[in-house]
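Sharing a structure here in C-alpha cells format.
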Amino acid sequence: MTRHVTDYNLIAATKYANGGSRADSAPMDIERIFGENAFGLEEMKSRLPKSVYQSIVATVEKGQPIDLTIADTVALAMKEWAVERGATHYTHWFQPLTGTTAEKHDSFITPNKGGGAIAHFSGKDLIQGEPDASSFPSGGLRATFEARGYTAWDPTSPAFIVENRDGSYLAIPTVFASWNGEALDHKTPLLRSMDAVDRQARRVLRLFDVKDVHKVTATVGAEQEYFLIDEEYYYRRPDLVTCGRTLFGAKPPKGQELEDHYFGSIPDRVLSCMLEVEKELYRLGIPVKTRHNEVAPSQYEIAPIFETTNIAADHQQITMLTLQRVARNHGMVCLLHEKPFAGVNGSGKHNNWSIGTDTGMNLLEPGDNPHDNMQFLFFCAAVVRAVHRHQDLLRISVASADNDHRLGANEAPPAIISIFLGEQLEDVFRQLEKGPAKSSKQGGLLGLGSAVLPHLPRHAGDRNRTSPFAFTGNKFEFRAVGSSQSISFPNIVLNTIVAESLDEMATMLEGKLKGQKKNRKTFEAAVADVLQEVIHASKTVIFGGDNYSEAWHKEAEKRKLLNLRTTMDALHHLLDGKNLALFSRFAVLSESELRSREDIYVDQYFKKVNIEGETTEAIARTMILPAAVRYLNDLQVSAGVSKGVAATAKDVAAKVDALCTGIERLSKQNRELGGDTVHEKAHHVWKNVIPAMTEVRAAADALEKVVAHDYWPMPTYRDILWVK
C-alpha cells in the first residue's frame with residue numbers, strides 16, 4: 001500500500017512534539033563552558049612555561065613570526081589537554097578550494113619497545129602535515145599525478161575538540177599549500193591579505209602621528225541565515241538531497257505574505273535545536289550572540305560578535321558544520337543553500353567588516369562629529385574608493401550558481417555594487433568634495449509619545465537594507481555574501497582592495513606634504529585635498545536610495561557602474577589586468593594562483609548546474625510525469641460521467657504534453673557539452689541548460705496545482721514550510 005504525503009505530514013508534526021529532544025535539561029552556564037573545547041590563550045597560559053606562552057602571545061596579538069623552537073613544548077601541552085578531553089586522534093583542519101573543510105585523522109598512539117603503546121604528538125606533527133593534494137581542486141596548479149601537499153599550523157587560530165558520542169579528536173587549524181609553495185586553500189591568501197591591510201593601515205597611522213600601534217587587524221562578524229525543515233520532507237525530495245535546493249515547487253497559498261514569521265516567537269523544537277547549537281559553539285569559544293526568525297517561513301539567523309578575520313572564517317565554517325550536525329539530533333535538516341525555495345526569501349551571510357588597532361582603536365568609528373574626525377574620514381574614504389574601483393572583484397567574490405538565484409531579486413542586494421553611507425556621512429562627504437566639512441547632522445532624541453517611555457538616542461541616519469555594501473555605525477556590511485559560501489574570499493578581496501586604497505592615498509598625502517613644514521594646519525589641509533580628490537573620483541558609487549528599483553538600474557547605467565547579473569557575467573573579469581596586478585602587488589595571490597581560482601570557480605559553476613540539470617530531468621521523467629499520467633488515466637476513466645471531469649482531463653493532458661516537451665528539450669541540452677574546455681561547458685549550461693530547466697519546472701509546477709495531492713510524488717512547499 002502506497003504511503004501518501006499526508007501520512008508523512010502527520011509523522012513530522014507529532015514525532016517531535018513539545019520541542020523534541022533537548023540539548024540539556026540543566027541551565028546553561030555560559031561563563032563556565034565558554035571555550036572549554038578550544039586550546040586558546042587562557043588554556044595555554046595555564047599549561048605552558050611563561051616564556052613559551054609569551055612567544056605565542058607575541059605571534060597572536062602582535063603578528064610576530066612564530067618561534068619554531070617552542071613547537072615541541074606547545075605540542076606536548078596541546079596533546080595532554082586533548083587526551084584529557086577524550087581525544088584519541090588529531091587532524092590538520094584546512095579549507096581547500098572546495099569551499100568546505102577537509103581533514104585527515106591520525107592517532108596519537110605510537111607503539112613502544114615493550115609491545116605497548118603511548119600517546120605521542122611532536123612539534124613536527126603540530127607544525128606540518130602531508131595530506132594527498134591530488135584530489136582537491138587546484139585549477140592547474142598541480143597535475144593529477146603530483147600528489148604531495150602540505151598543511152602548516154596557523155598558531156593564531158585556536159585548536160579545538162570535535163566531539164562524537166563515541167569519542168573525540170583534536171582539530172588544528174592549518175593552511176594548505178602545494179609542494180611548490182602555492183596556496184591551495186582560502187586561508188593562506190586570507191592571512192596574506194590581513195598582512196597587507198595591516199602594513200598599509202599602520203603606514204597611514206604614522207602619517208597621522210598615531211604611536212604605539214604594532215598591529216592593525218581586519219575584523220569580521222558574519223551573520224548566518226539558514227532554513228530548518230523536517231527530515232521526513234528532506235529525504236523525500238531528491239532535489240534537496242542532491243542539490244541542496246528544490247528544483248520544483250509551486251507557490252503555496254501562504255508563503256511570507258503576512259510577514260508574521262520575521263522576529264516571531266521561535267517554535268519550541270527549533271529553539272531546542274538553537275540552544276544545542278549555541279552550547280556547542282560556546283564550548284568551542286565561538287561568541288554567537290543573536291538568534292531570531294528570519295523573513296521566510298522556516299528560516300532563521302545566528303550571528304556572532306566580531307573576531308579577527310581568519311578566526312572568524314574558521315568559526316564560520318564550524319558554525320555551518322554545527323548547524324547541520326545538531327539539526328539532525330532534532331529530526332531536522334539545516335539547509336544552507338542561498339535559495340532552497342522559490343518564491344520566498346533566500347539566505348545570505350552579511351559580512352560585517354571593520355579594522356582596528358591592537359591598542360583598541362576602531363579605525364571606522366566616526367565619533368560624535370565625523371566632520372572633525374580626519375583620521376576616520378581618511379579610512380572611510382579609502383573604503384569608498386576601493387569599492388568604486390573594484391566593483392567587479394566584490395561581485396566576483398560572491399559569485400556562484402547558488403547565489404545567482406538570490407542576487408538581484410527583491411530580497412537581496414542587486415548585482416550592481418554601490419555603497420551606502422547614511423544621511424550624516426553622505427552630507428559630510430558632499431561638503432568635503434566642495435571644501436572643508438564644517439558640520440555633521442545630529443540625531444538628537446526620539447520621543448515615543450508616552451511619558452512612561454524613555455527618550456531614545458536617534459541616529460543621524462537611517463539604515464538601508466537594499467544596499468549591497470552599507471556603513472552601519474563603525475563597520476561596513478557586505479550583504480551580498482552567499483549563505484553557503486566561505487567568507488574567506490570576500491574578505492581576501494576586501495582586505496586587499498582597501499590596502500591598495502590606503503597605500504595610494506598615503507602616497508598622495510606624502511606628496512602633498514613634501515617640502516612643507518608639517519604642522520596641524522598644513523597636515524589637515526593636505527588631508528582635505530586628498531579627500532576631495534578621492535571623493536570626487538569615487539562619488540558615483542555612493543547611493544542611498546532603493547537599490548531594488550528600476551530607476552536605480554537606469555541611474556547606475558548613467559553612472560557607468562557595472563551590472564554583472566550572473567556568475568558567468570562576473571567571472572571573466574577576474575583575470576583583468578588590474579586584478580592580476582592588484583593581487584600580485586600586495587603578494588596576496590600570484591598570477592598562477594589567481595588563474596587557478598578562476599578556473600576552479602568556472603568548473604564549480606559548470607558542475608553545479610550540470611548536476612541540477614540532470615537531477616531536474618530525472619525527477620521530472622521518473623517521478624512527476626508518471627504521477628501526472630496516473631492521475632490523467634483516472635480522470636479519463638470518469639470523463640464520460642462529467643463535463644467538468646472531461647475538461648479537467650483535457651487541461652491535465654495539455655500540461656502533461658508541455659512537461660514532455662520540456663523534458664525532451666532539457667534531455668537534449670544535458671547530453672550536449674558545449675565544447676571541450678570547462679569554460680565552453682560552463683557557457684553551455686548557463687545559456688542552454690538553465691533555460692531548459694526553467695521550462696521543465698514551469699510545466700511541473702503547473703501540474704502540481706491541478707494533480708490530486710495524494711498522487712503527487714514529493715512533499716510540496718505547503719507541507720515543508722509550515723510543519724515545524
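Every heavy atom of this structure was used, including side-chain atoms; hydrogens, water molecules and symmetry mates were not. Numbers here are sequence positions counted from 1.
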Polar side chain donor-acceptor pair, Ser400 to Asn403, under 3.5 angstrom: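 No, no side-chain donor-acceptor contact under 3.5 Å.
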
Looking only at side chains, do Glu477 and His350 share a donor and an acceptor under 3.5 Å apart?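 Present: a donor and an acceptor within the cut-off.
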
Residues that Thr567 engages under side-chain hydrogen bond (donor to acceptor under 3.5 Å, both in side chains), provided they are two or more places apart: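 Asp404.
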
When you measure from the side chain of Asn352 to the backbone of Gly221, do you find a donor-acceptor pair of N or O atoms at a distance under 3.5 Å?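 Checking the backbone N and O of Gly221 against the side chain of Asn352, a donor-acceptor pair under 3.5 Å is found.
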
Are His679 and Asp599 packed together at the side-chain level, in the sense that at least one heavy-atom pair is separated by less than 4.5 angstrom?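 In short, these two side chains touch, coming nearer than 4.5 Å.
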
Could you grab the distance from atom CD of Gln299 to atom CD1 of Ile229, nearest 0.5 Å is fine?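 The distance works out to 13.0 Å.
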
Without swapping roles, check the side chain of Asn310 against the backbone of Leu191 for a donor-acceptor pair under 3.5 Å.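 Not a single qualifying donor-acceptor pair exists.
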
Heavy-atom check, side chain of Glu307 versus side chain of Thr219, under 4.5 Å: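 When only atoms from C-beta onward are counted, Thr219 and Glu307 do not touch, as no gap falls below 4.5 Å.
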
How about Val493 and Ile396: do any of their side-chain heavy atoms sit closer than 4.5 Å?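 Contact flag for Val493/Ile396 side chains = no.
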
For the residue pair Ser483 and Gln224, what are the closest heavy atoms and their distance?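 For Ser483 versus Gln224, the nearest heavy atoms are O-NE2, 3.0 Å.
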
With sequence neighbours excluded, what pairs up with Glu225 under the side-chain hydrogen bond (donor to acceptor under 3.5 Å, both in side chains) test?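 In terms of side-chain hydrogen bond (donor to acceptor under 3.5 Å, both in side chains), with neighbours along the sequence ignored, Glu225 is linked to no residue.
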
Non-hydrogen atoms of His573 and Asn579 that approach each other most closely: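 That would be O-ND2, 2.8 Å.
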
Within the distance-only criterion (no hydrogens, no angle test), does the side chain of Thr616 pair as donor or acceptor with the backbone N or O of Glu612 below 3.5 angstrom?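 It does hold such a pair.
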
List in chain and number order the residues that pass side-chain contact (heavy atoms from CB on, under 4.5 Å) with Ile690, two or more places apart in sequence or in another chain; answer none if no residue qualifies.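 Tyr605, Val609, Thr694.
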
For Glu338, is there any backbone N or O sitting under 3.5 Å from a side-chain donor or acceptor partner on Asp402?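 Checked: no pair found.
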
For the student: nearest non-hydrogen atoms of Val541 and Ile417, plus distance: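 Reported closest heavy-atom pair: CG2-O, 3.6 Å.
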
Do Leu335 and Tyr234 have side chains that get closer than 4.5 Å, going by heavy atoms?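 With C-beta onward as the side chain, the pair touches.
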
Shortest non-hydrogen separation from Arg236 to Pro715 and the atoms involved: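 Nearest heavy atoms, Arg236 then Pro715: O-CD, 3.6 Å.
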
Less than 4.0 angstrom from a charged side-chain N to a carboxylate O is my criterion; do Lys668 and Glu664 meet it?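 Not counted as a salt bridge, because no side-chain N and carboxylate O are separated by less than 4.0 Å.
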
With Phe606, which residues qualify under ring-ring contact (aromatic ring centres under 6.0 Å, His included), at least two apart?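 If we apply the ring-ring contact (aromatic ring centres under 6.0 Å, His included) test to Phe606, skipping adjacent residues, there are no hits.
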
List in chain and number order the residues that pass side-chain contact (heavy atoms from CB on, under 4.5 Å) with Asn688, two or more places apart in sequence or in another chain; answer none if no residue qualifies.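 Checked Asn688 against side-chain contact (heavy atoms from CB on, under 4.5 Å); matches are Gln669, His684.
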
Identify the two heavy atoms, one from Leu666 and one from Gly613, that lie closest to each other, and give their separation to 0.1 Å.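 In terms of heavy atoms, the two residues are closest at CD2-O, 3.7 Å.
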
Verdict with reasoning, His92 to Thr174, per side chain to side chain donor-acceptor pair (under 3.5 Å): CA-CA 6 Å; His92 278 198; Thr174 63; 4.6 Å; no

Going by heavy atoms in the side chains, are Asn547 and Pro468 under 4.5 Å from each other?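 Result yes, sub-4.5 Å side-chain heavy-atom pair found.
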
Check each of Ser486, Ser157, Ser488 against Lys187 using the side chain to side chain contact (heavy atoms under 4.5 Å, CB included) test, and report the only one that passes.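 Going through Ser486, Ser157, Ser488 one by one, the side chain to side chain contact (heavy atoms under 4.5 Å, CB included) with Lys187 is satisfied by Ser157 alone.
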
Using 0.5 Å steps for rounding, measure from the CZ atom of Arg192 to the CD1 atom of Ile492.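 Between Arg192 CZ and Ile492 CD1, I get 9.0 Å after rounding to 0.5 Å.
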
Between atom CE of Met714 and atom CZ of Arg237, what is the distance when rounded to the nearest 0.5 Å?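 Met714 atom CE to Arg237 atom CZ measures 4.0 Å (nearest 0.5 Å).
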
Ser501 side-chain N/O to Ala382 backbone N/O, donor-acceptor pair under 3.5 Å: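 Answer holds: yes.
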
May I have the step-by-step check of side-chain contact (heavy atoms from CB on, under 4.5 Å) for Tyr717 and Thr246, ending in yes or no? CA-CA 9 Å; Tyr717 283 11; Thr246 54; 2.6 Å; yes

Any donor-acceptor pair under 3.5 Å linking the side chain of Glu680 with the backbone of Asp676?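 Answer holds: yes.
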
Rounded to the nearest 0.5 Å, what separates atom CD1 in Ile600 from atom NZ in Lys607?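 Output value for this atom pair is 9.5 Å.
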
Would you list the pairs meeting salt bridge (charged side-chain N to carboxylate O under 4.0 Å, His left out) in which at least one residue belongs to residues 489-498, sequence neighbours left out?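 For residues 489-498, and leaving out neighbouring residues, there are no salt bridge (charged side-chain N to carboxylate O under 4.0 Å, His left out) pairs at all.
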
Partners of Gln391 by side-chain hydrogen bond (donor to acceptor under 3.5 Å, both in side chains), sequence neighbours excluded?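 Checked Gln391 against side-chain hydrogen bond (donor to acceptor under 3.5 Å, both in side chains); zero matches.
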
Separation between CZ of Phe476 and CG of Leu494, rounded to the nearest 0.5 Å: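 The CZ atom of Phe476 sits 10.0 Å away from the CG atom of Leu494.
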
Which residues share a salt bridge (charged side-chain N to carboxylate O under 4.0 Å, His left out) with Asp185, sequence neighbours left out: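 So Asp185 forms no salt bridge (charged side-chain N to carboxylate O under 4.0 Å, His left out) with any residue.
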
Does the side-chain contact (heavy atoms from CB on, under 4.5 Å) test come out yes or no for Glu704 and Arg718, once each step is laid out? CA-CA 11 Å; Glu704 183 188 318; Arg718 184 182 66 187; over 6 Å; no

Just by modelled atom types, is the Leu721 backbone N or O under 3.5 Å from a matching donor or acceptor in the Ser298 side chain?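 Such a contact is found between Ser298 side chain and Leu721 backbone.
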
State, yes or no, whether a side-chain contact exists between Pro189 and Glu593 at a heavy-atom distance under 4.5 Å.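 Result no, sub-4.5 Å side-chain heavy-atom pair not found.
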
Heavy-atom pair with the smallest gap, counting every atom of Leu574 and Leu594: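 In this case the closest contact between Leu574 and Leu594 is O-CD2, 3.7 Å.
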
Using the test salt bridge (charged side-chain N to carboxylate O under 4.0 Å, His left out), find all partners of Lys578 that sit at least two apart in sequence or belong to another chain.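 Counting only residues at least two positions away or on another chain, Lys578 forms a salt bridge (charged side-chain N to carboxylate O under 4.0 Å, His left out) with Asp392.
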
Look up atom OH in Tyr226 and atom CD in Glu301, then write down how far apart they are to the nearest 0.5 Å.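 Interatomic distance, Tyr226 OH to Glu301 CD, rounded to 0.5 Å: 9.0 Å.
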
Do Val384 and Phe471 have side chains that get closer than 4.5 Å, going by heavy atoms?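 Val384 does not reach Phe471 side chain to side chain.
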
Identify all side-chain donor-acceptor contacts of residues 557-564 below 3.5 Å with residues at least two apart in sequence or on another chain.
residue	atom	partner	partner atom	Å
Arg559	NE	Glu555	OE2	2.9
Arg559	NH1	Thr540	O	2.9
Arg559	NH1	Ile542	O	2.8

With Glu695 via salt bridge (charged side-chain N to carboxylate O under 4.0 Å, His left out) - residues at least two apart: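 If we apply the salt bridge (charged side-chain N to carboxylate O under 4.0 Å, His left out) test to Glu695, skipping adjacent residues, the hits are Arg665.
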
Do Leu582 and His390 pass the side-chain contact (heavy atoms from CB on, under 4.5 Å) test, and can you show the C-alpha distance, the side-chain angles, and the key distance before you say yes or no? CA-CA 10 Å; Leu582 168 76; His390 297 291; 4.0 Å; yes

If you count the non-hydrogen atoms of other residues, nucleotides and ligands that lie under 6.0 Å from CZ in Arg565, is the total more than 12?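 Counting neighbours around CZ of Arg565, 12 or fewer heavy atoms of other residues, nucleotides or ligands fall under 6.0 Å, so no.
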
Ring geometry between Phe160 and Trp93 (parallel below 30°, tilted from 30 to 60°, perpendicular above 60°):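 Ring orientation, 0 to 90° scale: perpendicular.
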
Using the test side-chain hydrogen bond (donor to acceptor under 3.5 Å, both in side chains), find all partners of Ser397 that sit at least two apart in sequence or belong to another chain.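 For Ser397 there are no side-chain hydrogen bond (donor to acceptor under 3.5 Å, both in side chains) partners, ignoring immediate neighbours.
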
Test item: Ser584 side-chain N/O and Leu580 main-chain N/O as donor-acceptor pair under 3.5 Å: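 The answer is no, because no donor-acceptor pair under 3.5 Å joins these two groups.
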
Show your reasoning for whether side-chain contact (heavy atoms from CB on, under 4.5 Å) applies to Val696 and Leu659. CA-CA 6 Å; Val696 171; Leu659 178 63; 4.0 Å; yes

Quick one, Ser484 and His337 - any side-chain contact, counting heavy atoms below 4.5 Å?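 No, too far: nothing below the 4.5 Å cut-off.
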
